[in-house]
Structure formats: structure tokens, C-alpha cells
Amino acid sequence: MPQKTHMISVRLTDAERRKLSQICAVSGLPVSAAIREMIGGVAIRQRPPQELHDLYVEINRIGNNINQIARKANAGFATKEDVRELKFLMRTIETKMTELVKQ
């Protein structure tokens, strides 16, 4: 990333400042990052809700468990309990994905 060597000072009206503050609050970006995004022509999007992040983390953990069971199965060491757990985890992911779509 190029070094940021130039600093500018800008005067804003109250309405412009409120609009900029609102953009930063919704996106979660600091003022300087929001301005750089706008200069670059990037559409600033709303920050995803925390629930979405939590759901992503949970699905990622479940995926890791599935990968461990799959490696065990490929090595020829999977038990019936492993297969039951794998089916349970797959159903759990399906449920979590349905929750995600509903949001």
C-alpha cells in the first residue's frame, strides 16, 4: 500500500458533517477511510450485523470438524459414531445457512 504522506483539512457544513458521520457510523469505517473509499469510487456498504459474523464463525468451526472426520474416514478409521456426527454437523450447517438466508 502506498505511503500516505499528504494531509488535508476540509471545512464542512453541519449537514455535510452529519452525513459523513452517518456514513461512518453505518459502515464502521473511520472518517479518513470513508473519504478515501469515496475518492476511489468505491460504494460504501453497511457493516454486516454481529449475528452474521457469529454465524460465519460457527459455520467455520463446524466445517473444521467435518474436515477432521473426512480425513479420518479417508484414512479408513471412521466409526459409525463418526458418520452419525458427520450427518448431524451437515444438518446443523443446513440449519445455520437457512438462518443466514432469512436475515
Side-chain angles (χ1 to χ4, degrees):
M1 176 180 280
Q3 184 101 17
K4 296 173 186 82
T5 57
H6 301 282
M7 186 175 141
I8 62 170
S9 177
V10 178
R11 293 186 185 271
L12 302 173
T13 65
D14 287 340
E16 290 169 333
R17 178 64 183 162
R18 278 193 304 273
K19 177 71 173 172
L20 182 58
S21 294
Q22 180 185 17
I23 289 169
C24 292
V26 169
S27 68
L29 294 172
V31 173
S32 58
I35 291 172
R36 280 194 296 275
E37 295 282 311
M38 288 185 260
I39 289 171
V42 175
I44 298 178
R45 298 180 301 182
Q46 182 176 352
R47 175 192 293 180
Q50 182 63 36
E51 295 84 22
L52 184 61
H53 172 72
D54 295 343
L55 189 57
Y56 171 78
V57 169
E58 189 173 350
I59 289 173
N60 194 23
R61 287 181 184 146
I62 293 169
N64 288 338
N65 290 344
I66 289 171
N67 285 337
Q68 290 173 357
I69 294 170
R71 278 195 297 275
K72 196 173 178 182
N74 287 336
F77 297 113
T79 64
K80 288 183 181 181
E81 180 60 33
D82 291 331
V83 173
R84 276 193 288 274
E85 184 179 359
L86 181 60
K87 288 180 181 179
F88 169 76
L89 292 171
M90 294 299 287
R91 283 191 300 274
T92 303
I93 282 186
E94 184 177 357
T95 303
K96 298 295 178 185
M97 294 303 289
T98 302
E99 289 176 20
L100 180 62
V101 169
K102 287 180 181 177
Q103 291 184 356

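Taking 4.0 Å as the cut-off between side-chain N and carboxylate O, R91 and E94 do not count as a salt-bridged pair.
Taking 4.5 Å as the limit, every side-chain heavy atom of N65 sits out of range of all side-chain heavy atoms of L86. The side-chain heavy atoms of V10 and R17, taken from C-beta on, include no pair separated by under 4.5 Å. Annotation: side chain of K87 is not in contact with side chain of R84 (no heavy-atom distance under 4.5 Å).
Under a hydrophobic clustering in which Ile, Leu, Val, Met, Phe, Trp and Tyr are joined whenever their side-chain heavy atoms come within less than 4.5 Å, directly or via other members, V42 and I23 fall into different clusters. By the rule that hydrophobic residues join a cluster once side-chain heavy atoms approach within less than 4.5 Å of another member, V83 and I93 end up as members of separate clusters. By the rule that hydrophobic residues join a cluster once side-chain heavy atoms approach within less than 4.5 Å of another member, V26 and V31 end up as members of separate clusters. Hydrophobic clustering, with ILVMFWY side chains joined whenever heavy atoms are under 4.5 angstrom apart, groups L29 together with I8. Hydrophobic cluster membership is shared by F88 and I66, with clusters built from Ile, Leu, Val, Met, Phe, Trp and Tyr side chains linked at under 4.5 angstrom.
When all heavy atoms are compared, the tightest approach of A34 to I44 is O-CD1, 3.6 Å. Looking at every heavy atom in both residues, R47 comes nearest to S27 through CB-O, 3.6 Å.
In the displayed structure, M38 atom CE is contacted under 6.0 Å by more than 12 heavy atoms of other residues, nucleotides or ligands.
Checking side-chain atoms of D82 against main-chain N and O of T79 turns up a donor-acceptor pair under 3.5 Å. When atom types are taken as modelled, the side chain of E16 and the backbone of T13 share a donor-acceptor pair closer than 3.5 angstrom.
For the residue pair D54 and Q50, a side-chain donor N or O sits within less than 3.5 Å of a side-chain acceptor on the partner.
From E85, atom CD reaches atom CD of Q68 across 9.0 Å, with rounding to the nearest 0.5 Å. Interatomic distance, N64 CG to I59 CD1, rounded to the nearest 0.5 Å: 12.5 Å. With values rounded to the nearest 0.5 angstrom, N67 atom CG is found 11.0 Å from L89 atom CG. Atoms CG and NE2, on L55 and H53 in that order, are 10.5 Å from each other to the nearest 0.5 Å.
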